S.K.: 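For reference, the structure I am asking about is given below.
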Amino acid sequence: MSQAVSTVPKPGFSGFTENFPADIKSGFLVFLIAMPLCLGIAKASGYPAIAGIFTAIIGGILTPFISNSELTIKGPAAGLIVIVLGCVDGFGFTGGKDVSADMMAYRMALAVGVIAGLAQIVMAIFRSGILSEFFPTAAVHGLLASIGVMIATKQFHAMIGDPTKEKEPLRVIEAIPDSLMHMKPEIATIGFVCLGIMILWALLPKSLMWLKRIPPQMIVVVTGILLGFLFSLPASSRVNVPNNIAEGINFPDFRGAFTTGDGHLKNAITYIVMFTLIGTLESLLSAKAVDLLDPHRRKTDYNRDLLGIGVANTLSSIVGGLPMISEIVRSKANIDNGARSRFANLFHGVFLLVFVALLPQLITMIPNAALAALLVFTGYRLASPNEFIHMYRVGNEQLMIFVATIIGVLATDLLMGVGIGIAVKAAFHIWNGAPIRSLFTPNIEVSEPDASTTLVRIKNSAVFSTWIPLRRKLLAVSPDRSVILDLSETRLVDHTVMEKLHELEADFEEKHRKLVVRGLDQHHGLSNHPHAAQKRTAG
């Protein structure tokens with residue numbers, strides 16, 4: 001037995017004592033990272049800063065008792081900023097001009113969050129965790145990159161002390177030169193110094209990797225506080241949280257959110273769909289990514305994880321918190337810091353609760369510009385040049401789908417942008433020879449050529465839109481039988497299916513099963529990438 005297998009941590013409560021030292025240490029270090037990010041995400045979303053802390057506390061303390069995901073950290077995510085801000089904007093958010101109107105918009109958005117959380121619970125009950133398998137890879141990456149662009153550009157204005165009044169993404173970008181001309185020197189200095197720290201930490205050479213153990217987010221906070229004192233920043237330029245955590249609790253306004261005649265009902269329905277679908281997709285993809293990073297290769301029950309997220313989102317919105325997901329950056333830090341079980345997530349929530357309950361005065365010293373700098377960097381990471389390079393290497397058509405999704409989101413909205421990306425991908429499939437009907441209905445034949453083998457043959461095409469039924473056929477085969485997937489009669493196998501087949505082969509191997517993919521000898525890749533789409537050239 002390998003060392004990795006022999007030291008797999010005991011699951012759940014049975015391993016609480018054994019895992020305690022590693023989990024509480026990691027929970028503390030993740031708390032240091034999460035605290036400023038939670039505050040910044042809440043403010044960028046049009047919610048009170050304390051709302052982000054509520055979300056992480058509930059996600060940390062509640063979900064470990066529902067989800068079996070051992071290493072994910074639950075909390076507010078930068079990827080949902082655009083959706084939440086769009087929701088409060090639709091309810092009349094003024095960005096601080098009218099405090100009463102802003103509070104009303106916030107409370108109506110909480111009502112939307114409650115319904116979306118309940119919808120996630122229903123999805124979990126009906127085992128909708130499979131949803132993450134549907135969306136094409138390039139479109140999902142394009143969605144996240146476009147969100148990164150919107151976060152970085154919007155928060156850049158706040159980072160230099162000239163928050164833009166523009167709401168449309170392209171207009172926000174156009175307004176950057178004007179904001180640079182009107183930036184406030186003291187605030188911009190704090191913002192650029194804090195952004196520089198994040199960039200410097202990301203570029204640290206291997207010889208200084210020990211410095212990586214110090215969370216740069218906390219260095220940003222401390223630096224921001226010191227510069228704030230140096231410049232005598234007014235309270236309006238610093239974070240505002242109540243001295244008593246209970247004073248930060250706010251309840252949803254269902255009546256206001258679902259009234260007809262003022263556009264509120266349409267806005268509520270739109271963002272219930274957005275919160276539910278995009279929040280669920282982001283959370284499932286993050287949980288899946290964390291499973292791949294888990295040194296012990298433990299597997300999350302995605303339906304159970306979605307149930308935990310749904311319950312926590314419902315409670316979070318009831319008391320005034322943001323929507324939450326399984327957050328990939330904090331989860332990666334959790335793994336790097338040596339966490340062994342889901343209780344590291346719980347400890348990070350407990351540390352947040354203790355800190356905000358006992359030391360709220362420290363939070364009020366943090367300059368808003370420092371938090372904006374964190375989000376500018378976060379947005380950049382979502383839309384970094386490496387994402388474009390990766391898509392180009394996978395294939396020209398993947399890059400075009402990726403870029404089309406970004407442009408679609410920036411020019412329209414999130415759902416429409418994803419729809420544009422999917423439409424472009426479908427157009428490429430038809431161009432590459434996939435029959436239109438095969439994009440909707442898979443042609444799958446299952447046979448048993450001998451006593452120990454099941455042959456699954458697919459004809460016409462194997463593409464993202466028919467991957468779920470193909471996956472079900474493969475997983476339905478009895479565990480004592482080998483599986484052969486014959487793709488020789490396909491005209492096209494797209495990148496999404498190639499990538500997911502690679503993952504499925506690894507899953508079969510871990511379970512000591514055999515999945516053999518054959519029949520691609522008459523196909524050629526649309527690029528040299530191992531997961532590139534495969535098009536048949538003969539026959």
Side-chain angles (χ1 to χ4, degrees), residues 35-54 76 81 85 88-89 93-106 151-167 172 175-198 216-245 247-248 250 320 322 355-378:
M35 191 270 291
L37 286 173
C38 291
L39 295 169
I41 290 168
K43 286 183 64 61
S45 301
Y47 276 39
I50 194 68
I53 302 294
F54 285 158
I81 289 174
L85 184 59
V88 293
D89 279 343
F93 180 68
T94 68
K97 294 179 186 176
D98 186 335
V99 176
S100 177
D102 288 352
M103 178 56 68
M104 290 174 62
Y106 159 53
I151 292 169
T153 53
K154 185 83 172 180
Q155 290 304 304
F156 183 82
H157 293 274
M159 189 186 81
I160 62 177
D162 188 41
T164 180
K165 299 175 184 176
E166 301 290 349
K167 295 181 180 179
V172 171
I176 288 177
D178 184 67
S179 284
L180 285 169
M181 293 177 63
H182 296 91
M183 65 182 178
K184 295 179 173 60
E186 296 87 357
I187 293 177
T189 298
I190 294 173
F192 281 119
V193 168
C194 291
L195 179 61
I197 290 170
M198 295 300 297
Q217 294 84 355
M218 286 310 300
I219 297 175
V220 163
V221 167
V222 173
T223 302
I225 290 174
L226 294 175
L227 290 175
F229 278 119
L230 178 64
F231 296 135
S232 300
L233 281 188
S236 59
S237 296
R238 292 183 274 114
V239 177
N240 178 29
V241 296
N243 288 326
N244 184 337
I245 188 173
E247 295 175 3
N250 284 281
L322 283 160
F355 186 85
V356 77
L358 300 182
L359 299 169
Q361 296 84 2
L362 284 179
I363 296 178
T364 61
M365 297 178 186
I366 303 172
N368 292 326
L371 300 182
L374 291 177
L375 294 178
V376 169
F377 186 77
T378 299

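Just so it is clear, the structure is predicted and the values come from calculations on it, not from any experiment.
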S.K.: Sub-3.5 Å donor-acceptor pair from the side chain of Asp98 to the main-chain atoms of Gly96, do we have one?
M.R.: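 Side chain of Asp98 to backbone of Gly96, a donor-acceptor pair under 3.5 Å: no, none is there.
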S.K.: Quick one: does Asp102's side chain have a donor or acceptor within less than 3.5 Å of a partner on Thr94's backbone?
M.R.: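 Between the backbone of Thr94 and the side chain of Asp102 there is a qualifying donor-acceptor contact (under 3.5 Å).
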S.K.: What heavy-atom pair brings Pro36 and Leu371 nearest, and what distance separates the two atoms?
M.R.: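 Heavy atoms of Pro36 and Leu371 come nearest at O-CD2, 3.3 Å.
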S.K.: Could you report the tightest heavy-atom contact between Leu375 and Gly40, atom names first, then the distance?
M.R.: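 Shortest heavy-atom contact: CD1-O, 3.2 Å.
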S.K.: Taking all atoms of both residues into account, what is the closest heavy-atom pair of Leu322 and Ala42, and its distance?
M.R.: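 Here Leu322 and Ala42 meet closest at CD1-CA, 3.5 Å.
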S.K.: Please test Thr378 against Leu37 for side-chain contact (heavy atoms from CB on, under 4.5 Å), starting from the C-alpha separation and ending with a verdict.
M.R.: CA-CA 10 Å; Thr378 299; Leu37 286 173; 4.2 Å; yes
S.K.: Could you state the interatomic distance from CZ (Phe192) to CE (Met183), rounded to the nearest 0.5 Å?
M.R.: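 With rounding to 0.5 Å, CZ (Phe192) is 6.0 Å from CE (Met183).
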S.K.: Identify the heavy atoms of Ile190 and Leu227 that sit nearest to each other, and give their distance.
M.R.: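 Minimum heavy-atom contact is CG1-CB, 3.7 Å.
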S.K.: Is there side-chain contact between Ile225 and Ile366, with at least one heavy-atom pair below 4.5 Å?
M.R.: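 Yes, their side chains come closer than 4.5 Å.
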S.K.: Decide yes or no on side-chain contact (heavy atoms from CB on, under 4.5 Å) for Phe54 and Ile245, but give the supporting numbers first.
M.R.: CA-CA 9 Å; Phe54 285 158; Ile245 188 173; 3.5 Å; yes
S.K.: Can you see which heavy atom on Val172 is nearest to which on His157, and at what distance?
M.R.: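 Taking every non-hydrogen atom into account, O-NE2, 2.9 Å.
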S.K.: Examine distances only and state if a side-chain atom of Tyr47 and a backbone atom of Gly320 form a donor-acceptor pair shorter than 3.5 Å.
M.R.: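 The answer is no, because no donor-acceptor pair under 3.5 Å joins these two groups.
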S.K.: Roughly how far, to the nearest 0.5 Å, is the CD1 atom of Ile81 from the CD1 atom of Ile41?
M.R.: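 Between atom CD1 of Ile41 and atom CD1 of Ile81 there are 5.5 Å.
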S.K.: Distance-only, no hydrogens or angles: does the Lys154 side chain make a donor-acceptor pair with backbone N or O of Glu166 under 3.5 Å?
M.R.: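 At least one qualifying donor-acceptor pair exists.
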S.K.: Going through the distances and angles, do Leu362 and Phe355 end up as a side-chain contact (heavy atoms from CB on, under 4.5 Å)?
M.R.: CA-CA 9 Å; Leu362 284 179; Phe355 186 85; 4.1 Å; yes
S.K.: Could you report the tightest heavy-atom contact between Pro367 and Leu233, atom names first, then the distance?
M.R.: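 Of all heavy-atom pairs spanning Pro367 and Leu233, the closest is CB-CD1, 3.7 Å.
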S.K.: To the nearest 0.5 Å, tell me how far Asn244 CG sits from Ile50 CD1.
M.R.: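 That separation rounds to 10.0 Å.
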S.K.: Keeping the roles fixed (side chain from Thr364, backbone from Gln361), state whether a donor-acceptor pair exists under 3.5 Å.
M.R.: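 Judged by distance alone, yes, a pair lies under 3.5 Å.
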S.K.: When rounded to the nearest 0.5 angstrom, what is the spacing between CD1 in Ile197 and CE in Met218?
M.R.: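 Between Ile197 CD1 and Met218 CE, I get 12.0 Å after rounding to 0.5 Å.
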S.K.: What is the distance from atom CZ of Phe93 to atom OG of Ser45, rounded to the nearest 0.5 Å?
M.R.: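 That separation rounds to 9.5 Å.
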S.K.: Roughly how far apart are Leu39 CG and Gln217 CD, rounded to 0.5 Å?
M.R.: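 Here the rounded value is 12.5 Å.
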S.K.: Can you list the steps and then say if Leu226 with Leu230 is a side-chain contact (heavy atoms from CB on, under 4.5 Å)?
M.R.: CA-CA 6 Å; Leu226 294 175; Leu230 178 64; over 6 Å; no
